[in-house]
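The sequence lines fix the lettering, A, B, ..., with proteins before strands; numbering per chain opens at 1.
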Amino acid sequence: MSTNTELATIFQEMADILALQGANSFRVSAHARVARELADLSTDVRTLVERGEDLTTYEGIGDKSAKKISEYLETGHITEHETLKAAVPAGLLAILAVPGLGPKTVRLMWEQAGVTDVASLRAQMDAGVIEQLPRMGAKTVENIRTALAFLETSADRVRLGAALPVAESMLTTLRAVPGVIEAAFAGSLRRGCETIGDIDLLVATTDPDAAGEAFRTMDGVVQVLAAGATKSAVRLGSGLQVDLRVVEEASYGAALLYFTGSKQHNVRLRERAVKRGLRLNEYGLFPDDGTHDEAPQRRGIAPVAARTEEEIYAAVDLPWIPPELREDRGEFTAALPDLITCDDIRAELHAHTTASDGRLSIEALVAEAKRRGYHTIAVTDHSRSSVLANGLDVERLRAHVDAIRAVDAKTKGIRVLAGAEVDILVDGDLDYDDETLAMLDLVVASPHVSLKQDRAKATARILAAVRHPLVHIIGHPTGRFVGRREGLDLDLDVIIAAAVEHDTALEINANNVRLDLRDTHVRAAVEAGALIAINTDAHGAEHFDELRYGVLTGRRGWLTADRCVNAWPARRLHDWIAAKRP
DNA sequence: GCCGTTTTCGGCCCGACTGTTTTCAGTCG
């Protein structure tokens, strides 16, 4: 685990324990805020401190938290954290993670029923003790049982690539329901996060009941979690939770804004509204008449803006902010970039054929790229060390290059490059010698094995490839798998600086299992002026469709088309590629 | 605990739903 992740975990744990103790809720959220800030940092916090940077310049980190971070870096622990941990049973924090159970309830169960962990919670439910507690009843106990069973059988978050098609399919069904005017997904899915906790759907309709009913009875729904007039929630057979909010067309923009989040972005927006004498909620932006007992929309007050997101942003003096940037990571103050789109992508520079572990012939791969309107496709099969992927030795590679060049010669309307995805070996050497590499039009260098090296070794390894004069792109630089494998622990700042110096592009591997570089890394690379490649690493025709996940990740990293080599016109791209050849 | 061209103290976003209650606390997003 990286230092940032370790510290983020500690601060979140402190927030949880403070909440259990009934501490001031703002103090609780301040700790959680620091945890989030640390988790988002692309630079190792130890490096920042060693450079002499003042951590309190980061939004949400004050003197006290900065001192605690310093203490951790010096001693390996935080005294306050130890004290807090000693005050509550360790097993209580796991109970806090059960959906529907918050700090107040967990504390009640601890103090009045002796619950200290999941096992004792089960025992006390069985003994009928929980049901007798204040504000608890048979239904609540039943809900806790269901939630516990669910937690045991499912992973916590779902990959973007697994959720997006489900959401789109459900939207298709909802759009066909009579009365539905607009339907969209919101939440972390719309923001393009690499994983999502649940799917949030939004519908504007003249017939709320019909939309709610259609939603709750949709194919794949196994449990209805909530069924209100404007809000429903269901669980799918896959374990995925889906929430639906139903609104009138007049407040669609306010609702879309609200349910897209992030929560932090919304909080900032509402603060901005308050400063302008306005109140923002999911029904619209309203004048603040000082009456807060009842919501403005219930009192017939006309909103200043509500129909579209654009109107609402404009009313608080902001341009429309793309969902991918709504993370409270500077989007309110910075000049907003013209973010890259899928339509900007004109080239695929990392794809496999049957020569290694792909499923397409060279001709089929080229035909697919051409069908998508690309001006360039690079054929980049695996190098010899990737034995399981049927990597090519030099002899097979020569024959393969000849075959690729033959296809290029006879194919019109698209340039076919003879390349390779070359392993970056453990010590940073590449899997082919320079003479072989020089024969190729394009070299993508990627790490595939030994992904648990220590930070220094890992950084030196990737750095060697970045500096190699014959390498164009570093493929999936960390080798991580979303939620499954952490990948190389790299000093990204060093890698990025070298990438800028040597004009080497860093890849966003668009495969939704990889998404590597990740969003925060892309942001750091873009800010430093590095080039980014977005490649699908296609092994079959359908993999080209994964492009959108890579583009979303790029957008979350504030990437513009000008910084992405795949978006360049053919001439510019080919010149860049040729410049790395003798 | 954090923050400040109104403030270094006193604020800190807003509403729906559930399950328990006879008016609301807790949780969630």
Notebook entry, point to check: Taking for each residue the nucleotide of DNA chain B bearing the nearest heavy atom, is the 5' side occupied by A:Leu225 or by A:Asn266?
Noted result: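 The residue closer to the strand's 5' end, by nearest nucleotide, is A:Asn266.
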Next item on the list: Please figure out whether A:Leu280 or A:Gly102 has its closest DNA chain B nucleotide nearer the 5' end.
Entry: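 Its nearest nucleotide lies further toward 5', so the answer is A:Leu280.
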Between atom [atom1] in [X] and atom [atom2] in [N], what is the gap in whole Å?
X: A:Ile95; N: B:dG26; atom1: CD1; atom2: P; value: 18 Å
X: A:Ile17; N: B:dG1; atom1: CD1; atom2: P; value: 14 Å
X: A:Leu285; N: B:dC14; atom1: CG; atom2: C1'; value: 13 Å
X: A:Glu37; N: B:dC2; atom1: CD; atom2: P; value: 12 Å
X: A:Asn281; N: B:dC28; atom1: CG; atom2: C1'; value: 17 Å
X: A:Glu282; N: B:dC17; atom1: CD; atom2: C1'; value: 12 Å
X: A:Ile78; N: B:dG1; atom1: CD1; atom2: P; value: 12 Å
X: A:Ile69; N: B:dC2; atom1: CD1; atom2: P; value: 9 Å

Notebook entry, point to check: So does A:Arg191 pair up with A:Glu331, basic N to acidic O under 4.0 Å?
Noted result: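 A salt bridge is absent here (no side-chain N lies under 4.0 Å from a carboxylate O).
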Next item on the list: Considering only NZ, NE, NH1 and NH2 on the basic side and carboxylate oxygens on the acidic side, decide whether A:Glu282 and A:Lys231 come within less than 4.0 Å.
Entry: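 Looking at A:Lys231 together with A:Glu282, the answer is no, because their closest N to O distance does not fall below 4.0 Å.
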Quote, to the nearest angstrom, the [atom1] distance that separates [N] from [M].
N: B:dA16; M: B:dT22; atom1: P; value: 23 Å
N: B:dC3; M: B:dT8; atom1: C1'; value: 9 Å
N: B:dT21; M: B:dT27; atom1: P; value: 16 Å
N: B:dG11; M: B:dT7; atom1: C1'; value: 9 Å
N: B:dC17; M: B:dC12; atom1: P; value: 26 Å
N: B:dG1; M: B:dT5; atom1: P; value: 23 Å
N: B:dC28; M: B:dT20; atom1: P; value: 16 Å

Residue pair [X] / [Y], side-chain heavy-atom distance below 4.5 Å:
X: A:Glu527; Y: A:Ile496; value: no
X: A:Leu339; Y: A:Thr560; value: no
X: A:Phe215; Y: A:Val242; value: yes
X: A:His77; Y: A:Thr79; value: yes
X: A:Ile10; Y: A:Lys68; value: no
X: A:Trp320; Y: A:Leu336; value: no

May I ask you to say what [X] touches in the nucleic acid, namely base, sugar-phosphate or nothing, with a heavy-atom cut-off under 4.0 Å?
X: A:Ala229; result: sugar-phosphate
X: A:Tyr283; result: sugar-phosphate
X: A:Asn143; result: sugar-phosphate
X: A:Ala233; result: nothing
X: A:Leu101; result: sugar-phosphate
X: A:Arg245; result: sugar-phosphate
X: A:Leu269; result: nothing

Margin query: Tell me if a side-chain donor or acceptor on A:Gln264 pairs with a main-chain N or O of A:Asp328 at a distance below 3.5 Å.
Written below: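 Not confirmed, A:Gln264 side chain does not pair with A:Asp328 backbone.
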Item checked: Partner of A:Glu324 by salt bridge (charged side-chain N to carboxylate O under 4.0 Å, His left out), out of A:Arg190, A:Arg556, A:Arg555 ->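 So, applying the salt bridge (charged side-chain N to carboxylate O under 4.0 Å, His left out) to A:Glu324 and each of A:Arg190, A:Arg556, A:Arg555, only A:Arg555 qualifies.
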Are OP1 or OP2 of [N] and a side-chain N or O of [X] less than 4.0 angstrom apart?
X: A:Ser25; N: B:dC12; answer: no
X: A:Arg279; N: B:dG15; answer: yes
X: A:Lys263; N: B:dC14; answer: no
X: A:Ser65; N: B:dC2; answer: yes
X: A:Asn24; N: B:dG1; answer: no

Note to self: So, applying side chain to side chain contact (heavy atoms under 4.5 Å, CB included) with A:Arg523, which one of A:Arg329, A:Glu327, A:Arg518 is it?
What the structure shows: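 Exactly one candidate clears the test, A:Arg329.
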Closest to the [X] side chain, choosing from [options]:
X: A:Glu271; options: B:dG15, B:dC12, B:dG1; result: B:dC12
X: A:Phe26; options: B:dG1, B:dG15, B:dT27; result: B:dG1
X: A:Lys104; options: B:dC2, B:dT27, B:dC17; result: B:dT27

Next item on the list: Check whether the side chains of A:Thr341 and A:Asp343 place a donor and an acceptor atom closer than 3.5 Å, and report yes or no.
Entry: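 A:Asp343 and A:Thr341 do not have a side-chain donor-acceptor pair below 3.5 Å.
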Next item on the list: Find the partner of B:dC3: check Watson-Crick (N1-N3 plus N6-O4 or O6-N4) and G-U wobble (N1-O2, O6-N3) distances, both under 3.5 Å, and reply none if neither fits.
Entry: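 Its partner is B:dG10.
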Return the polar atom pairs (N/O with N/O) between nucleotides 20-24 of chain B and the protein under 3.5 Å, or none.
from   : atom 1 : to       : atom 2 : distance (Å)
B:dT20 : OP1    : A:Gly137 : N      : 2.6
B:dT20 : OP1    : A:Gly137 : O      : 3.1
B:dT20 : OP1    : A:Ala138 : N      : 3.4
B:dT20 : OP1    : A:Thr140 : N      : 3.3
B:dT20 : OP1    : A:Thr140 : OG1    : 3.0
B:dC24 : O2     : A:Arg135 : NH2    : 3.0

Checklist line | Letter per nucleotide, 5' to 3', of nucleotides 4-10 of chain B [B base touched, S only sugar-phosphate touched, - untouched; heavy atoms, 4.0 Å] | finding: -------
